[in-house]
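Source: prediction; values computed, not measured.
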Amino acid sequence: MIIRIIIAFFIMFVVSFNAVAGELTYTCKIIHIYELDKDGSLVISDWEKEFKGSHFIISRSTGEIIGRVVPALLAGSTRIINQGSNEDSFRSIADFENQIQLIEIQEFVPEANKPFIVKSKDGAGIITGLSN
């Protein structure tokens, strides 16, 4: 009986944590990484092989990003440009002194998984995928 109570408590804790985390963060999964070619077109980056399927997390309140591919922890500042809504995208910027990183998550998309695009610093290029 006690084990059932402990298991039920654990399940309720995990479910409530996930609900709060979803309201406070986006979890983004990388699907493609592009780079700008000499002719001005976008081509698949060599980085895609290494990072496709990777995840990162972005704070909906500060714009800070935690993850291997597009981290913003070393940024001098991060800020939200637009909180996003049923009609507009979430947008944030990270300032790295001589470089910036931009992210847009299409919050207005009615599906649970929202498309995102990142213009990354350090030559990683343009990163796209889905967030929830």
Side-chain angles (χ1 to χ4, degrees):
M1 179 69 169
I2 292 177
I3 292 177
R4 286 185 182 175
I5 293 171
I6 292 171
I7 291 171
F9 177 75
F10 178 74
I11 291 171
M12 288 186 330
F13 175 76
V14 169
V15 169
S16 66
F17 177 77
N18 285 338
V20 171
E23 294 172 9
L24 300 176
T25 63
Y26 291 102
T27 300
C28 301
K29 180 179 180 181
I30 296 169
I31 296 176
H32 292 291
I33 301 177
Y34 301 98
E35 61 185 34
L36 193 58
D37 201 10
K38 292 181 281 190
D39 68 359
S41 64
L42 292 175
V43 295
I44 299 292
S45 171
D46 292 337
W47 292 106
E48 184 168 300
K49 294 173 193 166
E50 184 174 348
F51 293 114
K52 184 175 185 169
S54 296
H55 292 81
F56 62 90
I57 297 170
I58 183 167
S59 167
R60 291 184 184 208
S61 59
T62 65
E64 291 181 15
I65 301 171
I66 299 172
R68 203 172 123 207
V69 181
V70 290
L73 295 176
L74 299 177
S77 66
T78 58
R79 68 181 173 99
I80 305 296
I81 297 169
N82 191 318
Q83 288 289 335
S85 67
N86 292 338
E87 299 173 355
D88 204 2
S89 293
F90 169 91
R91 292 182 191 92
S92 72
I93 187 169
D95 183 352
F96 292 87
E97 198 170 307
N98 61 351
Q99 296 182 37
I100 60 169
Q101 181 169 276
L102 305 168
I103 186 165
E104 177 180 334
I105 300 173
Q106 294 182 339
E107 180 64 35
F108 59 86
V109 172
E111 285 79 25
N113 293 319
K114 317 282 186 194
F116 73 84
I117 186 167
V118 177
K119 170 54 180 103
S120 185
K121 67 176 195 68
D122 291 338
I126 296 173
I127 300 166
T128 64
L130 295 172
S131 66
N132 57 18

Which atom names give the shortest non-hydrogen contact between [X] and [Y], and what distance separates them?
X: Glu97; Y: Asp95; value: N-OD1, 2.9 Å
X: Gln101; Y: Val118; value: CG-CG1, 4.1 Å
X: Thr78; Y: Ala72; value: CG2-CB, 4.0 Å
X: Arg68; Y: Phe51; value: NH2-CE2, 3.2 Å
X: Val69; Y: Ser54; value: CG2-CB, 4.1 Å
X: Ser120; Y: Ile127; value: CB-CD1, 4.0 Å

Side chains of [X] and [Y]: does their closest heavy-atom pair fall under 4.5 Å?
X: Arg60; Y: Glu23; value: no
X: Ser131; Y: Asn113; value: no
X: Lys29; Y: Leu130; value: no
X: Ser92; Y: Ile81; value: no
X: Asp46; Y: Glu48; value: no
X: Val43; Y: Tyr34; value: no
X: Ile126; Y: Ile33; value: no
X: Phe56; Y: Ile30; value: yes

Practice problem: Go through the steps to decide whether Phe108 and Phe90 satisfy the test ring-ring contact (aromatic ring centres under 6.0 Å, His included), and finish with yes or no. | Solution: CA-CA 9 Å; Phe108 59 86; Phe90 169 91; over 10 Å; no

How long is the span from the [atom1] atom in [X] to the [atom2] atom in [Y], to the nearest 0.5 Å?
X: Leu24; Y: Ser59; atom1: CG; atom2: OG; value: 7.5 Å
X: Gln99; Y: Lys119; atom1: CD; atom2: NZ; value: 8.5 Å
X: Thr25; Y: Ile65; atom1: OG1; atom2: CD1; value: 12.0 Å
X: Cys28; Y: Asn132; atom1: SG; atom2: CG; value: 8.0 Å
X: Gln106; Y: Ile117; atom1: CD; atom2: CD1; value: 8.5 Å

Counting only N and O atoms by type, is there a donor-acceptor contact under 3.5 Å from the side chain of [X] to the main-chain atoms of [Y]?
X: Ser85; Y: Glu87; value: yes
X: Asp37; Y: Asp39; value: no
X: Glu35; Y: Ser45; value: no

Practice problem: Assess whether side chain to side chain contact (heavy atoms under 4.5 Å, CB included) is satisfied between Ile58 and Ile66, documenting all intermediate values. | Solution: CA-CA 6 Å; Ile58 183 167; Ile66 299 172; over 6 Å; no

Self-check item: Ile103-Ile80 co-clustered via ILVMFWY side chain contacts under 4.5 Å
Solution: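 As far as the 4.5 Å side-chain criterion goes, Ile80 and Ile103 are connected within one cluster.
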
Quiz item: In the single-linkage hydrophobic clustering (I, L, V, M, F, W, Y; side-chain heavy atoms under 4.5 Å), do Ile31 and Phe116 co-cluster?
Solution: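 Different clusters: Ile31 never reaches Phe116 through Ile, Leu, Val, Met, Phe, Trp or Tyr contacts under 4.5 Å.
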
Quiz item: Is it true that Lys114 and Glu104 have a side-chain N and a carboxylate O under 4.0 angstrom from each other?
Solution: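 Salt bridge: no.
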
Quiz item: Just by distance, with hydrogens left out, do Glu107 and Tyr26 show a side-chain donor and acceptor under 3.5 Å apart?
Solution: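 Note: Glu107 and Tyr26 side chains meet the donor-acceptor criterion.
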
